[in-house]
Protein chains: 2
Amino acid sequence: MPSGPGAKLTDVAALAGVSVGTVSNVLNRPDQVSIDKRSRVLAAIDQLGFVRNESARSLRSGSTRSLGMLVLDVRNPFFTDVALGAENVAEDHNHSLILANSAENAGREQAYLDLFEQQRVQGVLITPFGNVLERLEKMRTRGIPSVLVDRLASTDQFCSVSVDDVAGGAAALDHLVSIGSVRPAFVGGPFTLQQVEDRYRGAADAAERAGVPLQLFETPDLKFERGRQVGDLIGNLQPAKRPDAVFAANDQLALGLLQSFAANGLRVPEDIAIVGFDDIDFASQSSIPLTSISQPRQLIGERAAELLFDEIDSEHGHVHSQVVFTPELVARQSTLRR
Amino acid sequence: MPSGPGAKLTDVAALAGVSVGTVSNVLNRPDQVSIDKRSRVLAAIDQLGFVRNESARSLRSGSTRSLGMLVLDVRNPFFTDVALGAENVAEDHNHSLILANSAENAGREQAYLDLFEQQRVQGVLITPFGNVLERLEKMRTRGIPSVLVDRLASTDQFCSVSVDDVAGGAAALDHLVSIGSVRPAFVGGPFTLQQVEDRYRGAADAAERAGVPLQLFETPDLKFERGRQVGDLIGNLQPAKRPDAVFAANDQLALGLLQSFAANGLRVPEDIAIVGFDDIDFASQSSIPLTSISQPRQLIGERAAELLFDEIDSEHGHVHSQVVFTPELVARQSTLRR
DNA sequence: TTGATTGATTGAATCGATTCATTCAAACTC
DNA sequence: GAGTTTGAATGAATCGATTCAATCAATCAA
C-alpha cells in the first residue's frame with residue numbers, strides 16, 4: 001500500500017537506511033552507487049511512492065530541463081508540426097517543451113515570455129509577433145537564449161531557422177509558366193507580413209524573367225473566407241481578362257479559391273490552375289488535390305531546437321547561425337498540364 | 001541598465017530599504033502594503049529587472065499554478081480546440097496549461113504523467129489512451145485530481161466531459177433518411193474505439209427505426225487514405241447496389257471518400273450523399289462543403305477545466321459529475337436534398 | 001492618559017532536493 | 001606494514017521565495 005501524499009527524499013533515505021546524499025545519487029548518478037544500496041533505495045522509492053519534487057530540484061540545481069516554445073497559432077498545423085519536431089529533440093536531451101500560443105497578440109506574447117522567465121526555462125523557441133527582439137536579447141544576458149523560428153534573424157544576434165520564401169514564390173510561378181500559364185495572378189496579403197512580401201517578390205521576379213505579367217489581388221489576411229471572396233471576384237471576370245492560374249500565398253486561401261471556383265462552375269485546372277503554399281495535409285486531401293509549396297516543418301522544429309541546445313550547452317563558444325531551408329513544389333491535380 | 005542574471009528578492013528588499021516579507025507582500029498581497037513602500041518596491045523590481053523564481057515560489061508555497069493536459073494527438077484540430085478552451089479557463093484562474101501529446105502511445109502517456117507529478121501540477125485533464133485509470137486514482141490520493149476529456153467515465157470516480165456519440169450517429173442517419181436516402185452505408189472502424197462503436201450503434205438504431213437497411217464498410221483506422229480506398233471500392237459497385245449515401249465515422253474519412261468519388265466521376269450529393277463527424281474546419285472548406293456532426297470543442301475544454309478547478313478548490317466537498325454534450329448536425333452541400 | 005484594537009512591517013524558519021567537502025574503508029604500491 | 005590511491009557514502013549548507021508569529025506604530029474608546 002503506497003503511502004499518501006508527499007513522501008520525500010529524507011523519508012526514502014530513512015527507510016532504505018542510507019543518507020540523503022546517496023538517495024540523490026541514485027536518482028542522478030546511479031552508477032556511482034553500489035548495487036546493494038542502489039536496489040535498497042529503489043525499493044524504498046517504490047514502497048513509498050516517492051516522486052521527486054521538480055521545484056526543489058531545479059531551485060537547488062539552478063536548471064529546469066525545460067524549453068519554452070511560443071507560436072503564433074496552435075491551431076495552425078504548420079506550428080504543431082514544427083512543435084512536434086522541436087519536442088522530439090527536446091526529449092532526446094531529456095527536456096520537456098512548454099508550448100504556448102501567442103495567438104498573434106502582443107500582450108499574450110509578453111505574458112508568456114514573463115512566464116518562461118519565471119519558470120527559468122533553459123531557452124526559448126519563438127516565432128515573434130510583436131516587437132520582442134530587444135527583450136529577447138535582454139533575456140539572453142540573463143541566461144535564457146532564444147532561437148527564431150520561421151523568421152530570418154535580421155541581426156546576427158540570434159540563431160534562426162526559416163524558409164526561403166522568395167525561392168518558394170519563384171518555384172510556384174515557374175511551375176505555372178511551365179504548364180502554359182500566360183496570365184498568372186498572385187493572391188495574398190497583407191504585405192506587411194514578411195512571408196507574403198517575399199513570396200510575392202519571388203513570384204514577381206520569376207514572372208518578369210519569363211516575360212509574363214503578374215496580376216495582383218491583395219487581401220487583408222490569409223484566411224479561407226478571404227480566398228472565397230477573391231475567388232468570386234475572379235469568377236465574375238470576363239474569360240478573356242480572367243487569370244488562367246493563381247498562386248495563393250497560403251493553402252487556406254487556395255482552398256477558398258478552389259471552393260469558390262467549384263461553386264461558380266470554373267474547372268480546375270482546365271479553366272484556371274491553382275498553387276498554394278505550406279502543403280498542409282488538407283492540400284492533398286482536397287477533392288481536387290492542390291499543388292503546393294512544401295516546407296520541411298518537423299525539420300524546422302528539430303533544427304531550431306538543436307541550435308538552441310547548442311547555445312545552451314556551450315559556454316560562450318557559440319556562434320549564431322541562420323538556417324534557411326529551400327521549400328519544394330509538390331505538383332498535384334490543381335496544376336495538371338492542359 | 002538592468003543588472004545581469006539573477007537579481008533576487010533579497011536584493012530588491014535591500015535596494016528598496018524594506019524587509020523581504022514586504023517585497024513578498026507586494027508580489028502577492030499588494031493591498032496589504034502601504035502605497036509608499038509599494039511603489040518603492042516596484043521601482044526596485046524594475047531597476048533590477050527582478051523576475052520571481054517560480055521554483056522557489058512553488059516549493060515553499062506548495063502550489064504550482066499549473067495544470068497538465070494530455071491529449072491523444074496534438075496534430076488533431078479537435079484536441080487543439082479543446083486545449084484552447086481549457087487554456088482560457090486556466091488563464092482566468094491564473095494558471096498555465098502544460099500541453100502534452102501522448103501520441104496514442106502508452107509509454108509516452110505514462111512518462112508525461114510522471115512529469116506532471118514531478119512538476120506538482122494542480123490537476124490533470126486527460127484523454128486516456130492506455131490503462132491509466134488506476135494510476136489516476138492513486139494520483140488523486142496524492143493530491144492531483146483529474147478530469148476525463150472526450151471520454152465518459154465508466155466509474156463515478158471521475159468527472160468527465162464527453163459527447164453523446166450515439167445521438168450524433170442517430171442524427172446523421174436521420175438526416176440522410178430525411179433527404180431521401182434508402183440505401184445508406186456506414187464507413188468506419190475499428191469498433192474497439194468506443195466512439196466508432198457508439199456512432200455506429202446510433203446510426204444502426206436510427207436506420208432500424210426508419211425501416212431502412214444500413215450497409216457497413218468496416219475500416220482498420222479513421223485516416224484519409226482509408227476513406228479513399230473505401231471510396232474506390234464503393235465507386236466500383238454497380239449503381240443499383242451502390243449506397244446512395246454514406247455516414248463516415250469522422251471527417252478525415254469523409255474527405256477521403258469525397259476525393260475518391262470526385263476522381264471516379266460520382267457526383268456528390270446527386271449520386272451519393274456524405275455526412276462526416278467532428279466538423280473540423282476543413283469540412284466546410286472542402287470544394288463541396290461537407291455536412292458533418294459538430295461537437296462543441298472549445299466548450300468541452302472549458303467545462304472540463306471548470307470541473308477540475310472545482311475539485312481543486314473545494315476541500316472534500318466535491319461531487320464528481322459527468323457532462324455529456326449533444327452534438328449537432330450542420331447541413332451543407334454534400335447532403336443537399338435532391 | 002491608559003488600554004485595546006487595528007494594520008503595517010519584520011525576519012527567522014521553512015519548503016525538499018542537490019551539492020561538495022569530508023570521512024571512511026578497501027585496494028593497491030613499494 | 002606504512003603510505004597512497006580510489007571509490008562510496010555522508011550530512012550540513014544551500015538554492016530563493018513564502019509564511020507567520022512577533023513587533024511596532026497609529027488610531028480609537030473610555
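Side-chain atoms are counted along with the backbone in the values below, which use heavy atoms only and exclude waters and symmetry mates.
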Close side-chain approach of B:Leu148 to B:Ile126, heavy-atom, < 4.5 Å: yes
In whole angstrom, give the distance that lies between atom CG of A:Asn28 and atom C1' of C:dT19. 10 Å
Pairwise side-chain contact, A:Leu113 with A:Leu136, heavy-atom cut-off 4.5 Å (strictly under): yes
Indicate the ring-plane relationship of B:Phe116 and B:Tyr112, choosing parallel, tilted or perpendicular according to the 30° and 60° boundaries. tilted
Applying the Watson-Crick and G-U criteria (both distances under 3.5 angstrom) with [ ] for crossing and | for other-strand pairs, one obtains for DNA chain D ||||||||||||||||||||||||||||||
Side chain to side chain contact (heavy atoms under 4.5 Å, CB included) involving A:Arg120 - partner list, sequence neighbours excluded: A:Thr64, B:Val51, B:Asn53
Could you tell me if the side chain of B:Leu9 sits less than 4.5 Å from the side chain of B:Arg52, heavy atoms only? no
So where does chain B start and stop touching DNA chain D, 5' to 3', when the test is distance under 4.0 Å to a non-hydrogen atom? D:dG16 to D:dT19
Judged by each residue's nearest nucleotide on DNA chain C, which is more toward the 5′ side, B:Val20 or A:Arg29? B:Val20
Per-nucleotide protein contact string for nucleotides 23-28 of chain C (B base, S sugar-phosphate only, - none; heavy atom under 4.0 Å): ------
Contacts satisfying salt bridge (charged side-chain N to carboxylate O under 4.0 Å, His left out) that involve residues 108-117 of chain B (not counting sequence neighbours) are A:Glu87-B:Arg108, A:Glu91-B:Arg108, B:Asp114-B:Arg135, B:Glu117-B:Arg135, B:Glu117-B:Arg142
Assert: residue with more 5' nearest nucleotide on DNA chain D, out of A:Gly21 and A:Asp31, is A:Asp31
With a 4.0 Å cut-off on N to O distance, would you call B:Glu306 and B:Arg303 a salt bridge? yes
Tell me, which pairs form a salt bridge (charged side-chain N to carboxylate O under 4.0 Å, His left out) where one or both residues lie in residues 28-39 of chain A, sequence neighbours left out? A:Asp36-A:Arg40
Which residues satisfy the side chain to side chain contact (heavy atoms under 4.5 Å, CB included) test with B:Leu15, sequence neighbours excluded? B:Ala44, B:Gln47, B:Leu48
Numerically ordered, the residues 33-42 of chain B set in heavy-atom contact under 4.0 Å with DNA chain C is B:Val33, B:Ser34, B:Lys37
So, using side chain to side chain contact (heavy atoms under 4.5 Å, CB included) as the criterion, who are the partners of B:Ser61 when residues are at least two apart? B:Arg57, B:Ser63
Distance, nearest 0.5 Å, that separates CZ of A:Phe50 from CG of A:Leu42: 11.5 Å
Using a cut-off of strictly less than 4.0 Å between a heavy atom of the residue and any atom of DNA chain C, enumerate the qualifying residues of residues 8-19 of chain B by number. B:Val18, B:Ser19
Set of side chain to side chain contact (heavy atoms under 4.5 Å, CB included) partners for B:Ala111, sequence neighbours left out: none
What contact category does A:Arg120 fall into here, base, sugar-phosphate, or nothing, at under 4.0 angstrom with non-hydrogen atoms? nothing
If you define the side chain from C-beta out and look only at heavy atoms, does anything of B:Ile45 sit under 4.5 Å from B:Leu27? yes
For residues B:Asp73 and B:Phe78, determine if any side-chain heavy atom of one lies less than 4.5 Å from a side-chain heavy atom of the other. no
For B:Phe309, what residues pass the ring-ring contact (aromatic ring centres under 6.0 Å, His included) criterion, not counting sequence neighbours? B:His93, B:His95
